[in-house]
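Quick notes on the structure that follows.
What you are looking at is a predicted structure, and each value in this text was computed from that prediction instead of being measured. Chain letters run A, B, ... following the sequence lines, proteins first and then strands; every chain starts at 1.
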Amino acid sequence: MKVLFMGTPDFALESLQAIYEAGFDICGVYTQPDKPAKRGMKLTASPVKLYALEKGLPVFQPAKLRNEPEVLEEFKALGADIAVAVAYGKLIPEDMLESVPMGFINIHGSLLPKYRGSAPIQWTVLNGEELGGVTSMYLAPEMDAGDIIDMVSTPVGEYETYGELYDRLKVIGAELLVKTLKSIENGTATRTPQDPALVSYAPPLHREDCPIDWTRPARRVIDHICGLAPKPAATAQFGEETFKIYAAVMGCETDLPAGKIVEQTKHGLAVACGDGKSIVITELQAPGGKRMKTADYLRGHKISN
RNA sequence: CGCGGGGUAGAGCAGUUCGGUAGCUCGUCGGGCUCAUAACCCGGAGGUCAUGUGGUUCAAAUCCCAUCCCCGCAA
């Protein structure tokens with residue numbers, strides 16, 4: 001069974017690595033074109049590309065998939081029996097989906113049909129879900145709407161960040177992919193349509209989603225911080241400065257109005273929230289500075305509002 | 001050559017504008033006080049001020065030049 005892989009960031013790399021090590025015959029790897037990124041705008045190759053090159057797998061980086069006959073021909077010529085897309089970064093057009101005999105499957109970072117879209121793991125944490133997970137499914141023309149093959153759930157920790165859950169799910173997702181491919185290969189895979197009544201969406205997050213709303217209950221503020229850490233990171237304004245907030249724990253009761261600093265201790269910075277409780281910020285980053293423990297920051301700075 | 005911030009003791013910072021004794025808050029080590037302590041008091045150790053044994057100067061953390069590394073924005 002020849003497998004074609006499409007993916008871009010480290011989340012996808014984990015899956016590629018897993019199927020490579022599981023011995024699947026990988027006939028091609030698609031990934032996003034190298035892009036100028038970071039300081040200095042240097043051209044940067046994706047983690048998936050670097051790995052594929054290292055293993056001698058053929059790499060393809062088309063800029064566009066839709067309405068590109070040559071790209072489709074090249075794709076078909078690889079003769080894949082099955083194709084896998086994991087965090088590839090482009091919607092795959094219908095004619096390409098249909099050109100693969102055994103189907104085009106996908107690993108998604110949520111328990112579908114919840115959290116369709118590009119930021120499922122963030123929204124799982126942002127909404128304080130007790131369970132997160134990954135789903136394997138057949139791709140459909142509509143985003144994340146395909147029939148479900150299999151899924152694995154995992155409890156979300158009390159203070160688990162998006163980044164931590166992401167790292168766990170990429171491993172679980174990679175295992176699920178291998179299992180799913182094997183089940184398709186030996187014919188035991190099932191397909192279950194998604195229940196339209198349960199569908200929800202996880203839209204991409206933007207800068208305006210970052211500022212903390214202190215009028216919300218403390219637990220919700222913590223979810224907000226965890227769901228955005230480490231990127232793009234929740235933000236809070238104290239005095240003139242806007243800080244990125246990376247970690248916080250539940251504090252104690254307080255009479256102070258929401259957003260006011262309750263106290264500064266060696267553990268962190270306690271701030272009042274909307275339900276009469278506070279949270280203690282334990283890790284933050286000032287403009288131009290490094291990310292550090294709040295206690296470290298307070299040794300050299302004062303914070304007030 | 002995308003824009004900006006930064007590198008000073010183990011940690012976090014001030015000092016750089018206007019060159020002139022290396023400072024602060026912690027930590028650490030020793031001692032004291034205390035029923036006790038993460039509290040308080042006293043004392044000590046710990047720095048090639050990122051690198052170039054670079055330039056200017058009587059004198060450079062500070063001014064000039066070059067390089068390296070880190071961070072944010074933007075993508």
Between the protein and nucleotides 22-25 of chain B, are there any N/O to N/O pairs under 3.5 Å, and if so, what are the atom names and distances?
unit_1, atom_1, unit_2, atom_2, d
B:U25, O2, A:R299, O, 3.4

Enumerate the protein-to-nucleotides 69-75 of chain B contacts in which both atoms are nitrogen or oxygen and the separation is below 3.5 Å.
unit_1, atom_1, unit_2, atom_2, d
B:C70, O2', A:K290, NZ, 3.4
B:C71, O3', A:Q285, NE2, 3.4
B:C71, O2', A:G289, O, 2.6
B:C71, N4, A:R39, NE, 2.8
B:C71, N4, A:R39, NH1, 3.3
B:G72, O3', A:K244, NZ, 3.3
B:C73, OP1, A:K244, NZ, 2.7
B:A74, OP1, A:R207, NE, 3.1
B:A74, OP1, A:R207, NH2, 2.8
B:A74, OP2, A:R207, NH2, 2.6
B:A74, N1, A:K38, N, 3.3

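Between B:G31 and B:A45, the distance separating the two C1' atoms is 15 Å to the nearest Å. Taking the P atoms as reference points, B:G20 lies 15 Å from B:A59, given to the whole Å. Rounded to the nearest Å, the gap between the P atom of B:G55 and that of B:A14 is 30 Å. A distance of about 7 Å separates the C1' atoms of B:U16 and B:A61, rounded to the whole Å. Using atom C1' as the reference point in both B:G7 and B:G15, the two lie 15 Å apart (nearest Å). If you take atom C1' in B:C58 and the same atom in B:C24, they sit 31 Å apart, rounded to whole Å. Rounded to whole Å, the separation between the P atoms of B:C35 and B:U48 comes to 44 Å. Spacing of P atoms, B:U17 relative to B:G30, comes out at 41 Å, to the nearest Å.
Residues satisfying the side chain to side chain contact (heavy atoms under 4.5 Å, CB included) criterion with A:A18, sequence neighbours excluded, are A:A174, A:V178. In this structure A:A270 satisfies the side chain to side chain contact (heavy atoms under 4.5 Å, CB included) test together with A:V262, A:E263, A:S278, A:V280, sequence neighbours excluded. Applying the side chain to side chain contact (heavy atoms under 4.5 Å, CB included) rule to A:E253 yields the partners A:K277; only residues at least two apart in sequence or on another chain are considered.
Membership of an apolar cluster is not assigned to A:L50, as no side-chain contact below 4.5 Å to another ILVMFWY residue is traced.
A distance of 6.0 Å or more separates the ring centres of A:F24 and A:F5. Aromatic ring centroids of A:Y30 and A:F75 lie under 6.0 Å apart.
Atom-to-atom, NZ of A:K302 to C1' of B:C26 comes out at 15 Å; the value is rounded to the nearest Å. In this entry the distance linking CE of A:M292 with C1' of B:G6 reads 11 Å, nearest Å. Taking atom CD of A:E263 as the reference point, atom C1' of B:A38 lies 14 Å away to the nearest angstrom.
Taking a pair to require two hydrogen-bonding distances under 3.5 Å in either a Watson-Crick or a G-U wobble arrangement, B:A59 remains unpaired. Across all strands shown, B:U17 has no partner, as no Watson-Crick or G-U wobble contact with both distances under 3.5 Å is found. Nucleotide B:G27: unpaired (no Watson-Crick or G-U wobble partner with both distances less than 3.5 Å). B:G2 and B:C73 make up a base pair, with Watson-Crick or G-U wobble contacts both under 3.5 Å. In a base pair of the Watson-Crick type (N1 to N3 plus N6-O4 or O6-N4) or a G-U wobble (N1-O2 and O6-N3), with each distance short of 3.5 Å, B:U51 is matched with B:A66.
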Enumerate, atom names and distances included, each donor-acceptor pair closer than 3.5 Å involving a side-chain atom of residues 218-230 of chain A, sequence neighbours excluded.
unit_1, atom_1, unit_2, atom_2, d
A:R219, NE, A:D223, OD1, 3.2
A:R219, NH1, A:E158, O, 3.3
A:R219, NH2, A:E158, O, 2.7
A:R219, NH2, A:D223, OD1, 2.8
A:R220, NH1, A:D223, OD2, 3.0
A:H224, NE2, A:D209, O, 2.9

Show the atom names and distances, to 0.1 Å, of all donor-acceptor pairs under 3.5 Å that link a side chain in residues 38-46 of chain A to residues at least two apart or in another chain.
unit_1, atom_1, unit_2, atom_2, d
A:T44, OG1, A:K42, O, 3.0
A:S46, OG, A:T31, OG1, 2.7
A:S46, OG, A:K49, N, 3.1

Can you give me every donor-acceptor pair (side chain of residues 79-93 of chain A, partner residue at least two apart or in another chain, under 3.5 Å) with its distance?
unit_1, atom_1, unit_2, atom_2, d
A:D81, OD2, A:K2, N, 2.6
A:K90, NZ, A:Q32, OE1, 2.7
A:K90, NZ, A:A63, O, 3.2

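No hydrogens or angles considered: nothing links the side chains of A:Y51 and A:Q17 as a donor-acceptor pair under 3.5 Å.
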